[in-house]
Amino acid sequence: MTDRDLPEQYLDGYAEILAEVATTGRRLTRDELASRRALGEQAAEAGHGLRALVSAHLTAARTAWPGSPGSADGALAAVHQIIDAFAEGYERAQLLAVRQEEAARREFIDDLLYGRSDLGRLAERAERFGLRLSHAHAVAVAQGAAAYDEGDPVPRHVERALISRFGDRNVLLTTKDGRLLCIAPGHQEEVLAYFAKQAHVATDGGQVAIGRPQPGPGGVVQSYEEALGVLELAERLELDDPVLRAADLLVYPVLTRDRQAMADLVAGTLGPLTTARGGAQPLLDTLTAYFESGCVSAEAARRLTLSVRALTYRLERIHKLTGANPADPAHRYMLQTAVIGARLLAWPTKDL
């Protein structure tokens with residue numbers, strides 16, 4: 001917008017004040033400064049750019065500049081005061097607008113992720129923030145050592161990286177409970193993958209979980225809860241992968257769906273390990289390392305800082321106590337499932 005396109009109301013009384021101040025040499029009164037701040041607020045609310053507004057003030061000052069050389073200093077001081085007060089009002093209105101926008105955004109995020117509000121109304125509000133809830137969406141959640149708010153440098157850095165790479169793709173990046181969230185259309189896997197990469201680096205090695213794409217407004221909630229569940233699962237199973245996808249870990253929710261059945265399997269299969277000298281934990285750690293190393297004894301022994309002979313002795317001890325041989329494919333699945341169940345249920349630290 002050019003200076004000529006600006007409504008004259010924002011310069012109302014400006015030339016008169018400038019002329020009087022230049023003549024008398026006085027400073028602006030409190031009421032005059034308040035009127036300039038009010039005009040600045042009005043201009044900001046109307047959406048005019050501050051650069052064009054300042055330019056308009058300078059142009060008007062040249063037109064009304066006093067002819068007497070001795071009054072130039074007073075006129076220049078008055079221009080300074082007027083523009084400063086006008087800019088103060090403008091910035092105050094902008095700050096208020098930003099705060100109102102942040103409050104509306106936070107309220108929308110809470111309603112969206114907690115499944116509150118009427119779905120039709122929620123979908124209308126979502127378009128304001130770049131989401132079309134009639135489509136499927138997926139949610140990625142990043143968790144670092146620190147808690148993050150929207151105004152923090154880390155979320156801003158990740159958001160700038162996403163915008164620089166993808167521009168406007170109906171993606172919403174926010175924070176919730178100290179974590180970074182990225183909500184993206186379900187078919188744009190590359191956006192969530194890039195978010196995961198940037199968030200992992202920005203959070204100094206934080207972990208990122210990606211939920212599966214789900215349709216409709218309720219789908220965002222489902223994908224978000226899936227991602228949170230994956231982060232919890234990673235903590236309980238000590239999974240250290242930087243990026244975890246719910247689609248790759250579906251077996252774990254299946255295993256824990258019937259907690260009592262899983263507890264019975266753990267107790268029935270691994271319970272006898274509690275009678276070993278030193279308790280069940282060392283032998284449970286042995287089974288975990290053995291299965292995670294693909295049942296390769298040498299690799300499992302290296303992970304446990306044991307000799308292969310000592311590892312073999314432990315496996316034989318497990319076989320004797322449980323009646324199940326870890327090296328036997330017929331027994332391996334039951335033992336491995338029980339080991340996973342033990343980790344999910346925090347056994348033997350917690351009672352079943």
Side-chain angles (χ1 to χ4, degrees), residues 143-145 196 200 203-210 226-352:
Q143 181 172 270
H200 174 69
T203 57
D204 294 327
Q207 201 166 41
V208 184
I210 302 177
E226 269 192 347
L228 289 183
V230 167
L231 287 176
E232 181 183 354
L233 184 68
E235 183 178 354
R236 291 161 70 180
L237 294 181
E238 299 179 355
L239 304 176
D240 57 3
D241 300 48
V243 181
L244 298 167
R245 298 179 180 273
D248 299 333
L249 301 171
L250 291 178
V251 65
Y252 295 105
V254 171
L255 292 176
T256 56
R257 192 161 294 161
D258 190 337
R259 190 185 188 283
Q260 188 56 54
M262 178 58 71
D264 291 343
L265 174 64
V266 173
T269 305
L270 303 177
L273 298 182
T274 58
T275 63
R277 185 168 58 183
Q281 192 63 57
L283 296 179
L284 184 62
D285 291 342
T286 299
L287 284 172
T288 299
Y290 184 67
F291 292 134
E292 288 184 350
S293 62
C295 300
V296 178
S297 297
E299 174 60 21
R302 186 190 65 80
R303 295 188 183 193
L304 294 169
T305 320
L306 295 173
S307 67
V308 175
R309 183 175 180 179
L311 177 79
T312 302
Y313 170 78
R314 286 192 181 187
L315 293 177
E316 290 173 352
R317 185 66 176 153
I318 291 168
H319 185 189
K320 183 176 181 179
L321 290 172
T322 65
N325 183 4
D328 186 343
H331 298 163
R332 189 179 300 157
Y333 177 75
M334 178 183 67
L335 275 173
Q336 188 167 7
T337 304
V339 168
I340 293 172
R343 295 171 70 183
L344 290 172
L345 300 176
W347 183 87
T349 304
K350 295 182 180 179
D351 293 333
L352 297 173

Full working for side chain to side chain contact (heavy atoms under 4.5 Å, CB included) between Met262 and Leu345: CA-CA 9 Å; Met262 178 58 71; Leu345 300 176; 3.8 Å; yes
Side chains of Leu344 and Leu233: does their closest heavy-atom pair fall under 4.5 Å?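 A side-chain contact exists here, since the closest heavy-atom pair is under 4.5 Å.
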Is there a side-chain contact between Val230 and Leu249, using heavy atoms and a 4.5 Å cut-off?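 Val230 reaches Leu249 side chain to side chain.
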Looking only at heavy atoms, which two atoms of Ile210 and Ala196 are closest? And how far apart?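 Scanning both residues, the minimum pair turns out to be CD1-CB, 4.5 Å.
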Please name the pair of heavy atoms, one in Val266 and one in Gly341, separated by the smallest distance, quoted to 0.1 Å.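 Minimum heavy-atom contact is CG2-C, 3.7 Å.
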Trp347 and Thr274: CA distance, side-chain angles, deciding distance, side chain to side chain contact (heavy atoms under 4.5 Å, CB included) verdict: CA-CA 11 Å; Trp347 183 87; Thr274 58; 3.6 Å; yes
Distance, nearest 0.5 Å, that separates [atom1] of [X] from [atom2] of [Y]:
| X | Y | atom1 | atom2 | result |
| --- | --- | --- | --- | --- |
| Glu235 | Asp240 | CD | CG | 13.5 Å |
| Gln143 | Leu228 | CD | CG | 8.5 Å |
| Arg302 | Leu311 | CZ | CG | 12.5 Å |

Would you list the atom pairs, donor with acceptor, under 3.5 Å between side chains in residues 277-296 and any protein atom, with sequence neighbours excluded?
from: Gln281; atom 1: NE2; to: Asp285; atom 2: OD1; distance (Å): 2.8
from: Thr286; atom 1: OG1; to: Pro282; atom 2: O; distance (Å): 2.8
from: Thr286; atom 1: OG1; to: Arg314; atom 2: NH1; distance (Å): 2.9
from: Thr288; atom 1: OG1; to: Leu284; atom 2: O; distance (Å): 3.0
from: Glu292; atom 1: OE2; to: Arg343; atom 2: NH1; distance (Å): 3.0
from: Ser293; atom 1: OG; to: Ala289; atom 2: O; distance (Å): 2.8
from: Ser293; atom 1: OG; to: Tyr290; atom 2: O; distance (Å): 3.0
from: Ser293; atom 1: OG; to: Val296; atom 2: O; distance (Å): 3.4

Side-chain ([X]) to main-chain ([Y]) donor-acceptor, under 3.5 angstrom:
| X | Y | result |
| --- | --- | --- |
| Thr275 | Pro272 | yes |
| His200 | Pro242 | no |
| Gln207 | Asp241 | yes |

Atom CG of Asp351 with >12 non-hydrogen neighbours under 6.0 angstrom: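 Result for CG/Asp351: open.
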Can you give me every donor-acceptor pair (side chain of residues 330-338, partner residue at least two apart or in another chain, under 3.5 Å) with its distance?
from: His331; atom 1: ND1; to: Asn325; atom 2: N; distance (Å): 2.8
from: Arg332; atom 1: NE; to: Pro326; atom 2: O; distance (Å): 3.3
from: Arg332; atom 1: NH2; to: Ala327; atom 2: O; distance (Å): 3.1
from: Thr337; atom 1: OG1; to: Tyr333; atom 2: O; distance (Å): 2.8

With a 4.0 Å cut-off, would you call Glu232 and Arg236 a salt bridge?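 Yes.
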